[in-house]
Number of protein chains: 2
Amino acid sequence: MGATVGRQSTEMLKGVLEGIVLTLLSTRPAYGYEITARLRDQGFTDLAEGTVYALLIRIEQRGLVDVEKVPSEKGPPRKVFTLNARGREDLTEFWRTWSFLTERLDQLREDGA
Amino acid sequence: MGATVGRQSTEMLKGVLEGIVLTLLSTRPAYGYEITARLRDQGFTDLAEGTVYALLIRIEQRGLVDVEKVPSEKGPPRKVFTLNARGREDLTEFWRTWSFLTERLDQLREDGA
DNA sequence: TACCACTACACAGTAACGCTGAGTACCGGA
DNA sequence: TCCGGTACTCAGCGTTACTGTGTAGTGGTA
């Protein structure tokens, strides 16, 4: 991530990245290339393209998104992903787990160190 | 985690659990069984014993902790882990990555949804 | 004495996920 | 004609948490 890529960042992204993408999709539909670009702009500079596409395939197979092929003026057709009801449930679940973790860590940060 | 174990929680723990354990060790030395018990008390009710021991072996092999065998009155000898200088560096790095993630997610939470 | 619960750790095998690296294909401009 | 930007796919790898099992020491109890 940024200049500091490190083993840690990669491991910590696991599961979180899915929540991030679902959150992005909750604002409006998007396609892979666009999502990758947006995330890189927002600080995930070293995010691999393949990682995003693989993630999108996973959430599609789990039925969290609806997919539509849309022609592009600039290249091959785009696969536009739209968050559906199942996806919104999953997203709620994500935020619940995320809140749990932040609470635990905030507390640890106070006690320890 | 808690009643809802789920795939998500498991994936989100990756990398984070190491930071949690290092933070615990930054307050005082501890041994595996104790760490597992403390984490379970603090809400990680479904945390597997094997997970913690495997993690401890990893951070020992990376040289983040010093290890000492201490006899126990209640069972086999304990392996007491103490955070060393390298471990404290790693912990700092962890908090840096964690802060980055929380900032990104806080912002997403505002914009999206 | 035999058994059981609790303490304490180790280890092999599995699933999930992000990364690497390569490939395919379409478009426009130099 | 070739190059860069757009857009997606895929095989293979490393890391991590989980599952399940095994080993072993202690104390209590029937």
Study note, to complete from the structure: DNA chain C nearest-nucleotide lookup for B:T51 and A:V52: closer to the 5′ end is B:T51

Exercise for review: Taking the side chain as every heavy atom from C-beta outward, state whether A:V65 and A:T82 have any pair of such atoms under 4.5 Å apart.
Suggested key: no

Practice item. Please work out if B:L56 contacts a base, only the sugar-phosphate, or nothing of the nucleic acid, heavy-atom cut-off 4.0 Å. Key: nothing

Practice item. Using whole Å, report how far OH of A:Y31 lies from P of C:dC26. Key: 18 Å

Practice item. Mind checking side chain to side chain contact (heavy atoms under 4.5 Å, CB included) for B:P76 and listing every partner two or more places apart, or none if nothing turns up? Key: none

Donor-acceptor list for residues 84-91 of chain B side chains, cut-off 3.5 Å, not counting sequence neighbours:
| unit_1 | atom_1 | unit_2 | atom_2 | d |
| --- | --- | --- | --- | --- |
| B:N84 | OD1 | B:R86 | N | 3.1 |
| B:N84 | OD1 | B:G87 | N | 2.9 |
| B:N84 | ND2 | B:G63 | O | 3.1 |
| B:N84 | ND2 | B:D66 | OD1 | 3.2 |
| B:R86 | NH2 | B:R62 | O | 2.9 |
| B:D90 | OD2 | A:Q8 | NE2 | 2.9 |

Atom pairs, protein N/O to nucleotides 12-14 of chain D N/O, distance under 3.5 Å:
| unit_1 | atom_1 | unit_2 | atom_2 | d |
| --- | --- | --- | --- | --- |
| D:dG14 | N2 | A:K14 | NZ | 3.0 |

Practice item. Rounded off to whole Å, could you give me the CG-to-P distance for the B:L13 and C:dC17 pair? Key: 14 Å

Review point. What pairs of residues pass the salt bridge (Lys or Arg N to Asp or Glu O under 4.0 Å) test when at least one of them lies in residues 67-84 of chain B, not counting sequence neighbours?
Key: B:E60-B:K79

Check your understanding: Does the side chain of B:L105 reach to within under 4.5 Å of the side chain of A:T102, using non-hydrogen atoms?
Key -> no

**Study point:** Under-4.0 Å salt bridge between A:E18 and B:R7
**Key:** yes

Practice item. Answer yes or no: is there a donor N or O on one side and an acceptor on the other, between the side chain of B:T97 and the main chain of B:E93, under 3.5 Å? Key: yes

Practice item. Take the protein atom CZ of B:F81 and the nucleotide atom C1' of C:dA8, then report the distance between them rounded to whole Å. Key: 11 Å

Review point. Expressed in angstrom and rounded to an integer, what is the separation of A:R58 atom CZ from C:dG18 atom C1'?
Key: 8 Å

Review point. Residues from residues 62-79 of chain B sitting under 4.0 Å of DNA chain D, heavy atoms only?
Key: B:R62, B:E73, B:K74, B:G75, B:P76

Practice item. Please determine if a side-chain N or O atom of B:Y53 lies less than 4.0 Å away from the OP1 or OP2 oxygen of C:dA10. Key: no

Study note, to complete from the structure: B:I57 atom CD1 is separated from C:dA12 atom P, nearest whole Å, by 10 Å

For residues 47-57 of chain A, please give each side-chain donor-acceptor pair under 3.5 Å, one per line with the distance, not counting sequence neighbours.
| unit_1 | atom_1 | unit_2 | atom_2 | d |
| --- | --- | --- | --- | --- |
| A:Y53 | OH | A:Y33 | N | 3.3 |

Exercise for review: Calculate the interatomic distance between A:E60 atom CD and D:dC10 atom P; express it in whole Å.
Suggested key: 11 Å

Point to revise | Within residues 24-37 of chain B or reaching into it, pairs that qualify as salt bridge (Lys or Arg N to Asp or Glu O under 4.0 Å) - sequence neighbours excluded | key: B:E34-B:R38

Practice item. From the options D:dA7, C:dA8, C:dC17, select the nucleotide whose nearest atom is closest to the side chain of A:E18. Key: C:dC17

Review point. In whole angstroms, how far is the C1' atom of C:dT20 from the CG atom of A:L47?
Key: 13 Å

Exercise for review: Whole angstrom is fine here: how far is it from CZ in B:R7 over to C1' in C:dG18?
Suggested key: 14 Å

